[in-house]
Protein chains: 2
Amino acid sequence: MPDNDPMTAAPSPLSPADRPRLGLRERKKIKTREAIRAATYALVKEQGYDATTIEQIAERAEVSPSTVFRYFPTKEDIVLTDEYDQLMADELRGRPPGEPWMDSVRHVMRLAIEANNRENPDVARLRARLSVDVPAVRSRMFESMSTTGRLLREAIAERHGKDPDSVEVRVYAMSFIGGLMEVSMYWAEHDFEGELSDLVDRALDVLEHGLPIENP
Amino acid sequence: MPDNDPMTAAPSPLSPADRPRLGLRERKKIKTREAIRAATYALVKEQGYDATTIEQIAERAEVSPSTVFRYFPTKEDIVLTDEYDQLMADELRGRPPGEPWMDSVRHVMRLAIEANNRENPDVARLRARLSVDVPAVRSRMFESMSTTGRLLREAIAERHGKDPDSVEVRVYAMSFIGGLMEVSMYWAEHDFEGELSDLVDRALDVLEHGLPIENP
DNA sequence: CACTGTTTTGAGAGTTACTCTCATTTCATG
DNA sequence: CATGAAATGAGAGTAACTCTCAAAACAGTG
């Protein structure tokens, strides 16, 4: 009856073991979801993305193929779905209002990278690599990008007292996301050398000031 | 034997009737390609994108389904493939070297919009609308975005004497494209009201200077 | 524990985009 | 016209999804 379908909703994002009082049903759903994801990551690492079929995933996760599709609308979603966007948008909103915009952004990006590194660094890399190598995954990632863009433009609009649906805010938000996404691809293409945070810093500089020495 | 497969290559971009000395084979291929596209546009207008199957397209274009796939790798490509990117990149490269970068960009964008308006305004709108409404098409569009990004960063690097594969140039190029793509979606979402060129101008302002009155 | 209603699951059939193969047709050329 | 190359069509095959429906697992109640 309630509006939000727990089947398609993501589980509580940053909760490792603290699932206090959930019904057996809910706990099972979370377990199933994680089983499907784990099976997928393992199979993709073994065989590659394209060679991995939903049937294999279902088999390893010990569920039926139907169930896989009930939990994830597409194969790409199994790999890519994450819950960080909303968290980052909230974090951004929570920064002190006096803080310069770019400082807030830097702060939040740093947090996100750290959290990701602490929790599941290999998954993050697998994702980045897949989004470079597999067109379908990349497409899905771009797609989620526009969702993120929507969140970001709300945060931006709120912060600057602007209309979130103006061309200006929308363009600004999307150009931001485009730039950040490129960083992730650059990082994957260069085999994850160096610190991601350094790359992000350089990207933010470009987003803030344009290309260095643009007008000598 | 030659490397470039004429089957997958696009026909000469901006040539309406001037196909002088092409073999019968080549002319037929161009006709087939255009027939498939025309059939697709018509069917999509009549029934919508999802309801239109490859079989229907093949039937109306009077070719076999196999042939449709020979000409276009995916259904989305039939709708989206265009040849303007390369032209614009070349145009950009052809601008006088003294001209300020943003002036060059504005000039080229203006040209592109005019050309598109003159040639096939309704197709451009159909595309924009589909890329708002149909996830698969939108994804494919994002995908082609990253191709465009590659062209753009070459042009940028050349112009500014920078490495086209540096993070800076890549981020700059991609943020640019992200912003411009958002304009197209904004335009479609607002039912193509107003002049696209005005929206693009506002977008370019944002890309150049950031959000207006960002630091009051 | 038994009873009842709701949620979740599995099984199966069906659709469709896309791939591959091979025989046939269509054009190019000497 | 003959010969070779390229384009087409036909058909079988795969795999991601969708829909439907009946069986199973859970939740709450007497």
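Below, chains carry the letters A, B, ... as their sequence lines are ordered, and counting in each starts from 1. As a basis for the values below, the full set of heavy atoms in this structure was taken, side chains included, without hydrogen atoms, waters or symmetry mates.
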**OP:** Let me know the distance between NZ of A/Lys75 and P of C/dC18, rounded to the nearest Å.
**Re:** 14 Å
**OP:** Provide, to the nearest angstrom, the distance between the NZ atom belonging to A/Lys31 and the P atom belonging to C/dT9.
**Re:** 12 Å
Original post:
Tell me: OH of B/Tyr49 to C1' of C/dA17, nearest whole Å?
Top reply: 10 Å
Original post:
Just how far, in rounded Å, is P of C/dG10 from CD of A/Glu62?
Top reply: 10 Å
Subject >> B/Ile57 CD1 - D/dG9 C1' separation (whole Å) >> reply: 18 Å
**OP:** Can you figure out which of C/dT19, C/dA11, D/dA16 approaches the side chain of A/Ile54 most closely?
**Re:** D/dA16
Subject >> Letter per nucleotide, 5' to 3', of nucleotides 20-30 of chain D [B base touched, S only sugar-phosphate touched, - untouched; heavy atoms, 4.0 Å] >> reply: -----BBS---
Original post:
To the side chain of B/Phe69, which of C/dT9, C/dT8, C/dT19 is closest?
Top reply: C/dT19
**OP:** Go through the steps to decide whether B/Glu46 and B/Leu43 satisfy the test side chain to side chain contact (heavy atoms under 4.5 Å, CB included), and finish with yes or no.
**Re:** CA-CA 5 Å; B/Glu46 291 170 19; B/Leu43 285 167; 4.1 Å; yes
Subject >> Under-4.0 Å side-chain N/O to phosphate OP1/OP2 contact, B/Thr53 with C/dT16 >> reply: no
Subject >> Rounded distance in Å - CG (A/Asp50) to P (C/dC18) >> reply: 13 Å
Original post:
Distance check: side-chain N/O of B/Tyr71 vs OP1/OP2 of D/dA7, anything under 4.0 Å?
Top reply: no
**OP:** Starting at atom CD of A/Glu55, determine the distance to atom C1' of D/dC17, rounded to an integer number of angstrom.
**Re:** 13 Å
Subject >> B/Ile36 CD1 to D/dT8 P, straight-line distance once rounded to whole Å >> reply: 8 Å
Subject >> Salt-bridge present (B/Lys29, B/Glu26; N to O < 4.0 Å) >> reply: yes
**OP:** Would you indicate what A/Pro65 reaches in the nucleic acid, counting non-hydrogen atoms under 4.0 angstrom: base, sugar-phosphate, or nothing?
**Re:** nothing
Original post:
Can you find a side-chain donor-acceptor pair between B/Ser144 and B/Thr147 that sits under 3.5 Å?
Top reply: no
Original post:
Hey, what's the ring geometry for A/Phe142 with B/Phe142, parallel, tilted or perpendicular (30° and 60° as the breaks)?
Top reply: tilted
Original post:
Between B/Pro73 and A/Thr32, which is nearer to the 5' end of DNA chain C once each is assigned its nearest nucleotide?
Top reply: A/Thr32
Subject >> Basic-acidic side-chain contact under 4.0 Å: A/Asp205, A/Arg106 >> reply: yes
Subject >> From CA spacing to verdict: salt bridge (charged side-chain N to carboxylate O under 4.0 Å, His left out), A/Glu168, A/Lys162 >> reply: CA-CA 9 Å; A/Glu168 280 80 8; A/Lys162 291 187 165 296; over 6 Å; no
**OP:** May I ask you to establish whether A/Arg127 and A/Tyr41 are in a cation-pi arrangement, using a distance under 6.0 Å from NZ or CZ to the six-membered ring centre and at most 45° from the ring axis?
**Re:** no
